[in-house]
Every structure is written in C-alpha cells, then in structure tokens.
Amino acid sequence: MPPTPRTPQAPQRYPTIDGHLAAVRRTLDRLGPREALAAVREGAVLVDTRPQFQREASGTVPGALIIERNHLEWRCDPASGASVPEAGHRNVRWIVFCDAGYASSLAAASLRAIGLPRATDLVGGFQAWRRAGLPVTPPRAGAGRPSSAQAEHPGLDGRVETDR
C-alpha cells in the first residue's frame with residue numbers, strides 16, 4: 001500500500017524581539033524611577049547591568065549594585081555558589097536596569113525564570129533615572145565612545161523607552 005501523502009504544514013512563525021519583549025513585560029510589575037527609589041528605601045536591591053564602557057561614559061546610580069548582564073543570574077541566585085551577599089534568599093526584590101530599559105526587561109524575566117519571583121526592571125533604564133533628576137555620579141573624564149560591537153542593541157535605532 002503506498003504511503004498516505006502528507007498535507008503541507010504552514011511554515012512556523014517565530015516571534016520578533018519586539019513581540020517577545022512585550023510578552024515578557026506583561027509578566028513584570030515594572031517600576032518608574034521614583035517608584036524604584038522608594039522600593040530601594042524599603043529594602044529592594046537596585047542592579048546596574050550596563051557594561052563598564054556605558055557606566056564610564058554616562059555615570060552610575062550611587063548605591064546600585066553593579067552586576068554586568070553576563071553574570072546576573074549567577075550573582076542573584078542564592079543557590080549558585082557564586083552569588084553576591086545581597087542574594088540571601090529567593091524573595092529579594094531585584095530591580096534591574098540597563099541604559100534605556102530594554103535589555104533589563106529580558107534580564108528581569110530571566111531572574112524570574114530561575115525562581116526569583118520579585119525581580120523586575122526600571123522603566124527607561126539609567127536614562128530615565130537621570131531625566132527624573134535622581135542622583136547620579138558623573139561620567140569618568142575622557143571616557144570614549146564604544147565600538148559598534150559594544151553598543152547595546154536596543155539603542156541602535158535611537159529609541160529611548162518612555163512608557164511601560
């Protein structure tokens with residue numbers, strides 16, 4: 001008996017990064033700069049995930065814990081064996097920020113995925129914090145511009161996130 005012909009299937013569609021980002025953000029209770037500052041005053045941990053070149057060029061948030069993105073999950077997971085002292089338990093309120101508020105949403109979702117349910121991010125990132133007039137340290141004198149390979153991808157088109 002000849003095999004039954006198969007009905008061709010529609011090609012699988014993959015989500016775009018914008019679609020993925022929107023879906024991730026629906027799972028987060030994102031905070032604006034002043035809300036984040038209030039949460040820090042109540043014990044939350046503010047985490048700067050920007051690479052060194054961005055911190056040197058733009059400044060930092062005084063008191064923010066610096067954990068670059070490629071180390072974030074290991075440093076925040078209390079069971080990793082490489083965690084920071086602030087990662088004392090799984091219920092820590094982590095508030096992650098990047099430069100413009102895109103990569104930090106994905107980072108916060110990753111923290112939630114490894115069992116850190118209170119992780120979230122700062123809407124608009126460091127740029128929003130600075131625009132809100134909140135404390136920042138000055139940039140390092142003589143800090144150069146990054147190469148295109150170092151640039152944070154969401155900022156390539158010049159977008160700056162301003163809404164949730």
Side-chain angles (χ1 to χ4, degrees), residues 16-77 82-87 92-114 116-164:
T16 64
I17 186 59
D18 288 338
H20 177 61
L21 183 63
V24 160
R25 285 178 170 171
R26 285 191 292 273
T27 70
L28 301 173
D29 55 336
R30 303 181 72 215
L31 302 175
R34 295 198 183 282
E35 294 169 306
L37 180 60
V40 167
R41 288 178 175 154
E42 294 173 5
V45 180
L46 190 61
V47 180
D48 186 345
T49 63
R50 296 173 302 147
Q52 181 177 353
F53 79 87
Q54 285 183 327
R55 295 189 313 269
E56 288 176 354
S58 300
T60 60
V61 173
L65 184 61
I66 295 171
I67 305 174
E68 290 193 12
R69 177 62 189 96
N70 57 324
H71 298 283
L72 184 67
E73 291 81 355
W74 286 270
R75 300 297 184 253
C76 294
D77 182 354
S83 60
V84 294
E86 293 82 355
V92 171
R93 177 69 162 157
W94 299 105
I95 305 170
V96 182
F97 70 92
C98 60
D99 192 55
Y102 292 89
S104 59
S105 295
L106 300 175
S110 182
L111 292 179
R112 285 186 175 215
I114 64 167
L116 303 172
R118 298 184 66 209
T120 192
D121 78 321
L122 173 62
V123 175
F126 177 79
Q127 299 302 324
W129 182 277
R130 182 170 44 202
R131 280 192 313 274
L134 297 176
V136 297
T137 61
R140 191 188 81 180
R145 292 187 55 85
S147 71
S148 61
Q150 293 172 311
E152 184 177 358
H153 297 288
L156 292 178
D157 65 1
R159 293 188 294 183
V160 175
E161 182 191 16
T162 58
D163 59 322
R164 292 182 189 219

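By convention here, the first residue in the shown sequence is residue 1. Keep in mind it's a predicted model, so treat the numbers as computed, not measured.
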One pair to check against side chain to side chain contact (heavy atoms under 4.5 Å, CB included): Phe97 and Val61. What are the steps and the verdict? CA-CA 10 Å; Phe97 70 92; Val61 173; 3.7 Å; yes

For a quick test of reading the model, state the closest non-hydrogen atom pair linking Pro135 to Pro62 and the distance between them. O-CD, 3.3 Å

Kindly indicate, with the supporting measurements, whether the criterion side chain to side chain contact (heavy atoms under 4.5 Å, CB included) is fulfilled by Cys76 and Val92. CA-CA 9 Å; Cys76 294; Val92 171; over 6 Å; no

Could you tell me which residues satisfy side-chain contact (heavy atoms from CB on, under 4.5 Å) with Arg118, sequence neighbours excluded, listed by chain and number? Asn91, Arg93

Is any side-chain heavy atom of Pro33 closer than 4.5 Å to one of Arg131? no

Using the test side-chain hydrogen bond (donor to acceptor under 3.5 Å, both in side chains), find all partners of Thr60 that sit at least two apart in sequence or belong to another chain. Thr137

Pair Arg112 + Asp29: basic N to acidic O under 4.0 Å: yes

For Ala109, enumerate each residue passing the side-chain contact (heavy atoms from CB on, under 4.5 Å) test, keeping only those at least two apart in sequence or located in another chain. Val24

Report the distance from atom CG of Leu65 to atom CG of Leu72, rounding to the nearest 0.5 Å. 9.5 Å

Taking all atoms of both residues into account, what is the closest heavy-atom pair of Ser58 and Arg130, and its distance? O-NH1, 3.1 Å

Sequence-distant partners of Glu68, salt bridge (charged side-chain N to carboxylate O under 4.0 Å, His left out), two or more places apart: Arg55

Of Thr120, Asp99, Thr49, Asp121, which meets side chain to side chain donor-acceptor pair (under 3.5 Å) against Ser104? Asp121

State, to 0.1 Å, how close Ala39 and Leu31 come at their nearest heavy-atom pair, and which atoms those are. CB-CD1, 4.2 Å

Of all residues at least two apart in sequence or in a different chain, which pass the side-chain contact (heavy atoms from CB on, under 4.5 Å) check with Ile17? His20, Leu106

Check side-chain contact (heavy atoms from CB on, under 4.5 Å) between Leu37 and all other residues, then give those that pass, not counting sequence neighbours. Arg41, Trp129, Leu134

Residues two or more places apart in sequence or in another chain: which of them pass side-chain hydrogen bond (donor to acceptor under 3.5 Å, both in side chains) with Arg75? none

Measure the spacing between CD1 of Ile95 and CG of Leu111 and express it to the nearest 0.5 Å. 12.0 Å

Are Arg69 and Cys98 side-chain neighbours, meaning at least one heavy-atom pair lies under 4.5 Å? no

Arg34: side-chain hydrogen bond (donor to acceptor under 3.5 Å, both in side chains) partners, not counting sequence neighbours: none

Under 6.0 Å from the six-membered ring centre of Phe53 and within 45° of its axis: does the NZ or CZ of Arg140 meet both? no

For Gly101 and Arg25, the nearest pair of non-hydrogen atoms, with its separation, is O-NH2, 2.6 Å

